[in-house]
Protein chains: 2
Amino acid sequence: MTQFGSTVRGIRERLRRDDRRFSVRQVAQRVGIEPAYLSKIERGEVAPPSEATTVRLAAELGQDPDVLLALAGKVSGDLQEIIRKRPRLFAELIRQLKEAPDDAVLRVVREVRDGDW
Amino acid sequence: MTQFGSTVRGIRERLRRDDRRFSVRQVAQRVGIEPAYLSKIERGEVAPPSEATTVRLAAELGQDPDVLLALAGKVSGDLQEIIRKRPRLFAELIRQLKEAPDDAVLRVVREVRDGDW
DNA sequence: CGTCATGTGTCGTATATAGTACACATTTAG
DNA sequence: CTAAATGTGTACTATATACGACACATGACG
């Protein structure tokens, strides 16, 4: 589908240039999966792994978990839970912001962060 | 798990009081599933149906699809796609708003809707 | 030059997801 | 009273998800 695998491979190989601990085998071991499985993931031979595995992989590679999950075609379970608790509210908000430029969304984020509520 | 089934049953039975077309069989047929399956869904004997089926069911019962999806433990695919396109931005926004009261979120929604961007 | 680590091919598996098909007892309506 | 409609029990299935186990050829390096 998308470039989840190649992205992961790229990141891992870059890290590997100055740290031999970033081989397929060693990363797989630290992440808690089989090396063969990680190899297949990186080559796109299988679908991206589960959310939990993706998050551990992101941590290992120093990546933002939400970004890696997005590449895997997923949305973090905790975000989904927040939405599910107030579906109408969040559905409307998110659809409103669909076409908004990044900086407009960022303004909203900051406003909420500094907000007085 | 949750009360997806009993909620659907309640809504359907209420509709049925003044419209005989809201039997399990007839609703199932219009939704495009087997009556036995709808029956099991309503009694919670099986997990809530797929997103597509849930959405058709919501339409048939005059419900907000996002709300019914939430009861089914899901988040609409189109919302997920919006988030996946800008994961960092939306992840931060949504987590910021997790604890915000409804009216604060609503204010943001309105602000964005009337926004000048 | 031998050994150790590396990446990958092949095969298999357990669980979840999303239903269908059919029969049957009960209820409802003309 | 009977014919049609109703709700549901039982059994089955196809596909997807998410991996593990093991072996093997190749390459690096001390």
Side-chain angles (χ1 to χ4, degrees), chain A residues 1-2 4-58 60-61 65 68-69 71-77 80, chain B residues 1-2 4-58 60-61 65 68-69 71-77 80:
Chain A
M1 325 219 170
T2 345
F4 179 85
S6 49
T7 301
V8 168
R9 171 142 297 190
I11 293 164
R12 188 184 53 75
E13 279 178 344
R14 204 172 329 122
L15 288 169
R16 213 203 164 176
R17 294 189 214 288
D18 19 54
D19 193 339
R20 257 178 333 339
R21 292 177 44 249
F22 285 90
S23 67
V24 166
R25 273 167 193 271
Q26 296 200 38
V27 170
Q29 192 193 333
R30 289 195 297 277
V31 168
I33 58 178
E34 288 292 310
Y37 184 42
L38 177 55
S39 172
K40 279 177 267 188
I41 289 168
E42 290 192 352
R43 287 171 295 130
E45 208 194 286
V46 298
S50 68
E51 175 176 344
T53 298
T54 300
V55 169
R56 291 199 307 277
L57 186 55
E60 189 58 40
L61 300 180
L68 219 57
L69 282 171
L71 279 179
K74 311 189 188 213
V75 170
S76 173
Q80 298 202 33
Chain B
M1 322 230 165
T2 346
F4 178 84
S6 48
T7 301
V8 168
R9 170 141 298 190
I11 293 164
R12 189 185 53 75
E13 280 179 343
R14 205 174 328 121
L15 288 169
R16 216 211 160 169
R17 292 189 216 287
D18 19 53
D19 193 340
R20 258 178 329 343
R21 295 177 41 248
F22 285 91
S23 68
V24 166
R25 275 169 190 269
Q26 297 200 36
V27 169
Q29 193 193 332
R30 290 195 298 275
V31 169
I33 57 177
E34 288 291 310
Y37 184 42
L38 177 56
S39 172
K40 278 177 268 190
I41 289 168
E42 290 192 351
R43 285 170 297 129
E45 208 194 285
V46 299
S50 69
E51 176 177 344
T53 298
T54 301
V55 169
R56 291 199 308 277
L57 185 56
E60 191 56 41
L61 300 181
L68 217 56
L69 282 172
L71 279 178
K74 311 190 188 212
V75 169
S76 174
Q80 297 202 35

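Note that the structure is a prediction, hence the values are computed from the model and not measured. So you know, we letter chains A, B, ... as the sequences are listed, proteins then strands, and number each from 1.
Annotation for B:Ala47 and B:Ile41: closest pair O-CG1, 4.3 Å, computed over non-hydrogen atoms. For the residue pair A:Pro49 and A:Phe4, the shortest heavy atom distance occurs at CD-CE2, 3.6 Å.
The salt bridge (Lys or Arg N to Asp or Glu O under 4.0 Å) test applied to B:Arg56 returns no partner, not counting sequence neighbours. Residues satisfying the side chain to side chain contact (heavy atoms under 4.5 Å, CB included) criterion with A:Thr7, sequence neighbours excluded, are A:Gln3, A:Ile11, A:Leu71. For A:Arg21, the side chain to side chain contact (heavy atoms under 4.5 Å, CB included) partners at least two apart in sequence or on another chain are A:Asp19, A:Gln26, A:Arg30. Checked against side chain to side chain contact (heavy atoms under 4.5 Å, CB included), B:Glu51 has the following partners two or more places apart in sequence or in another chain: B:Val55, B:Leu69, B:Ser76. Checked against side chain to side chain donor-acceptor pair (under 3.5 Å), B:Ser6 has no partners two or more places apart in sequence or in another chain.
The B:Ser39 side chain lies nearest to D:dT8 when the options are D:dT6, D:dC22, D:dT8.
Nucleotides of DNA chain D nearest to A:Tyr37 and B:Glu42 differ in position, and the one nearer the 5' end is that of B:Glu42. Looking at which nucleotide of DNA chain C each of B:Val46 and A:Ala36 is closest to, the 5′-most match is held by A:Ala36.
The nearest whole Å value for the distance from the CG atom in A:Leu38 to the C1' atom in D:dA21 is 16 Å. In this structure, B:Phe22 atom CZ and D:dT6 atom P are separated by 13 Å, rounded to whole Å.
For B:Glu60 (side chain) and B:Val27 (main-chain N/O), no donor-acceptor pair under 3.5 Å exists by modelled atom type. A donor-acceptor pair under 3.5 Å is absent between the side-chain atoms of B:Arg12 and the main chain of B:Leu61, judged by distance alone.
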With the sugar-phosphate defined as primed atoms, P, OP1 and OP2, and the base as all remaining atoms, what B/S/- string results for nucleotides 25-30 of chain D, 5' to 3', for protein heavy atoms under 4.0 Å?
-> ------
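Phosphate contact (OP1/OP2 of D:dA18, side-chain N/O of A:Lys74, threshold under 4.0 Å): present. Here A:Thr53 reaches the OP1 or OP2 of D:dC19: one of its side-chain N or O atoms lies under 4.0 Å away.
Between the CD atom in A:Glu42 and the CG atom in A:Leu57 there is a gap of 8.0 Å [rounded to 0.5 Å].
Other residues, nucleotides and ligands contribute at most 12 non-hydrogen atoms within 6.0 Å of the CD atom of A:Gln29.
For DNA chain C, the outermost nucleotides in 5' to 3' order that have an atom under 4.0 Å from a heavy atom of chain A are C:dT6 to C:dC11.
Heavy-atom distances under 4.0 Å link DNA chain D to B:Gln26, B:Pro35 of residues 26-35 of chain B, given in residue order. Heavy-atom distances under 4.0 Å link DNA chain D to no residue of residues 6-18 of chain A.
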For residues 32-40 of chain A, tabulate all N or O donor-acceptor pairs below 3.5 Å that involve a side-chain atom, not counting sequence neighbours.
from, atom 1, to, atom 2, distance (Å)
A:Ser39, OG, A:Arg43, NE, 3.2
A:Ser39, OG, A:Arg43, NH2, 3.0

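Within the 4.5 Å cutoff, the side chain of A:Val24 has no heavy atoms near those of the A:Arg16 side chain.
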